[in-house]
*Asks:* 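Please see the structure below; I have some questions.
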Amino acid sequence: AQSVTQPDARVTVSEGASLQLRCKYSYSGTPYLFWYVQYPRQGLQLLLKYYSGDPVVQGVNGFEAEFSKSNSSFHLRKASVHWSDSAVYFCALSRDTGGLSGKLTFGEGTQVTVIS
Amino acid sequence: EAAVTQSPRSKVAVTGGKVTLSCHQTNNHDYMYWYRQDTGHGLRLIHYSYVADSTEKGDIPDGYKASRPSQENFSLILELASLSQTAVYFCASSDRDWGTDTGQLYFGEGSKLTVL
């Protein structure tokens, strides 16, 4: 069975500092991976996605993620965070064999707090 | 801009009562989904639908029914609400053509359900 693990439930980072959020997945097929962000009292919004090709993918608002097949990971990074980046970040895996669909398996989420 | 709207945004229900959560999308998407979010956990798929008048079970369908009367509308029904169904519920939609450029879920803002 597939699974997604985000080992850090909470991360606190200073404004202007770099951020890395970890995501590990378990899936026997070709993984299609996503990072979503959830701002307070809002739905989830897509940050970026990886299907194939260049393992480093760029997303919105300066976020990027790097896929590693050998490590079964899809870590999210941002070089310099802003207070508005405070949110919950979810890593997710699309688990339809041979394709993509909205049947996603989500990690537990990482609460990011940016302090001044 | 994609739009998924949910109603009600918040509801308090009594144990054993019937609850209906509604979702309306103006994205012209064929696929719709209901996910459940529990505090400190990721989202889990309850039901989904690929076409009007047809629904499919997701990972945690027990205690829930779904209805898709039209392409735009997708409801989640709790016939006998229980304490364990207290959670935030998210509706989402996606295009039938889940390709590399278009593949993503568009989420509503969530419906917070409290069962007492």
Side-chain angles (χ1 to χ4, degrees), chain A residues 1-10 21 23-26 30-54 57-60 67 87-111, chain B residues 1-7 9-10 23-25 27 29-51 55-61 74 87-112:
Chain A
Q2 58 281 333
S3 65
V4 176
T5 301
Q6 295 178 245
D8 304 310
R10 296 181 179 274
L21 303 181
C23 173
K24 298 276 286 184
Y25 68 89
S26 174
T30 301
Y32 298 89
L33 297 158
F34 306 82
W35 275 99
Y36 280 87
V37 61
Q38 183 181 28
Y39 298 105
R41 296 172 297 282
Q42 294 186 27
L44 281 71
Q45 302 170 33
L46 181 69
L47 277 179
L48 48 78
K49 56 190 178 184
Y50 172 79
Y51 295 144
S52 63
D54 190 337
V57 292
Q58 304 297 321
V60 299
F67 167 71
V88 181
Y89 293 79
F90 291 97
C91 182
L93 170 73
S94 177
R95 50 200 171 86
D96 259 4
T97 302
L100 306 169
S101 81
K103 292 186 290 181
L104 302 186
T105 296
F106 284 85
E108 306 91 334
T110 298
Q111 172 72 60
Chain B
E1 183 70 27
V4 179
T5 55
Q6 297 181 226
S7 63
R9 293 291 311 278
S10 179
C23 179
H24 179 80
Q25 55 106 353
N27 305 326
H29 286 162
D30 286 316
Y31 297 177
M32 296 187 74
Y33 314 81
W34 276 105
Y35 281 88
R36 166 180 172 154
Q37 182 182 35
D38 295 281
T39 303
H41 293 82
L43 282 70
R44 291 179 291 170
L45 182 63
I46 306 171
H47 284 287
Y48 59 101
S49 171
Y50 290 145
V51 67
T55 63
E56 308 288 339
K57 293 181 179 180
D59 298 322
I60 53 166
F74 191 37
V88 178
Y89 293 86
F90 287 98
C91 178
S93 73
S94 70
D95 201 344
R96 170 187 294 272
D97 182 18
W98 186 277
T100 56
D101 293 327
T102 60
Q104 67 165 297
L105 291 178
Y106 293 87
F107 283 90
E109 295 186 329
S111 296
K112 183 177 181 179

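Any value given below was found using the heavy atoms of this structure, including those in side chains, with hydrogens, waters and symmetry copies removed. Numbers restart at 1 for each chain; the letters A, B, ... are given by sequence-line order, proteins then strands.
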*Asks:* Kindly give the heavy-atom pair with the smallest separation between A:Q42 and B:F90, and that separation in Å.
*Replies:*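 So the minimum-distance heavy-atom pair works out to O-CE2, 3.9 Å.
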*Asks:* Between B:L105 and A:Y36, does a side-chain contact (heavy atoms from CB on, under 4.5 Å) hold up when you go through it step by step?
*Replies:* CA-CA 10 Å; B:L105 291 178; A:Y36 280 87; 3.5 Å; yes
*Asks:* With a 6.0 Å cut-off (strictly less than), is the heavy-atom count around NZ of A:K24, excluding the residue itself, greater than 12?
*Replies:*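 Counting other residues, nucleotides and ligands, NZ of A:K24 exceeds 12 neighbours.
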*Asks:* Please classify the contact of A:Q38 with chain B as side chain, backbone, both or neither, using a heavy-atom distance under 4.5 Å.
*Replies:*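 Side chain of A:Q38 only, per the 4.5 Å heavy-atom cut-off to chain B.
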*Asks:* Taking salt bridge (Lys or Arg N to Asp or Glu O under 4.0 Å) as the test, write out the residues that go with B:D59, two or more places apart.
*Replies:*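 For B:D59 the salt bridge (Lys or Arg N to Asp or Glu O under 4.0 Å) partners, ignoring immediate neighbours, are A:R95.
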*Asks:* Could you grab the distance from atom CD of B:Q104 to atom CG of A:L48, nearest 0.5 Å is fine?
*Replies:*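 If I round to the nearest 0.5 Å, the distance is 11.0 Å.
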*Asks:* Is chain A contacted by the side chain of B:Q37, its backbone, both, or neither, given a heavy-atom distance below 4.5 Å?
*Replies:*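 For B:Q37, the contact with chain A is made by the side chain alone.
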*Asks:* State which residues pass side-chain hydrogen bond (donor to acceptor under 3.5 Å, both in side chains) with B:D38; sequence neighbours excluded, sorted by chain then number.
*Replies:*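 With neighbours one apart ignored, the set is B:R36, B:R44.
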*Asks:* Can you tell me which portion of B:L43 sits under 4.5 Å from chain A's heavy atoms? Options are side chain, backbone, both or neither.
*Replies:*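 B:L43 touches chain A through backbone and side-chain heavy atoms alike.
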*Asks:* If I compare all heavy atoms of B:Y50 with all of A:K103, which pair ends up nearest, and what's the gap?
*Replies:*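 Looking at all heavy atoms of both residues, the shortest contact is OH-CE, 3.6 Å.
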*Asks:* Would you compute the distance between atom CG of A:L104 and atom OH of B:Y33 and round it to the nearest 0.5 angstrom?
*Replies:*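 Atom-to-atom, A:L104:CG and B:Y33:OH are 7.5 Å apart.
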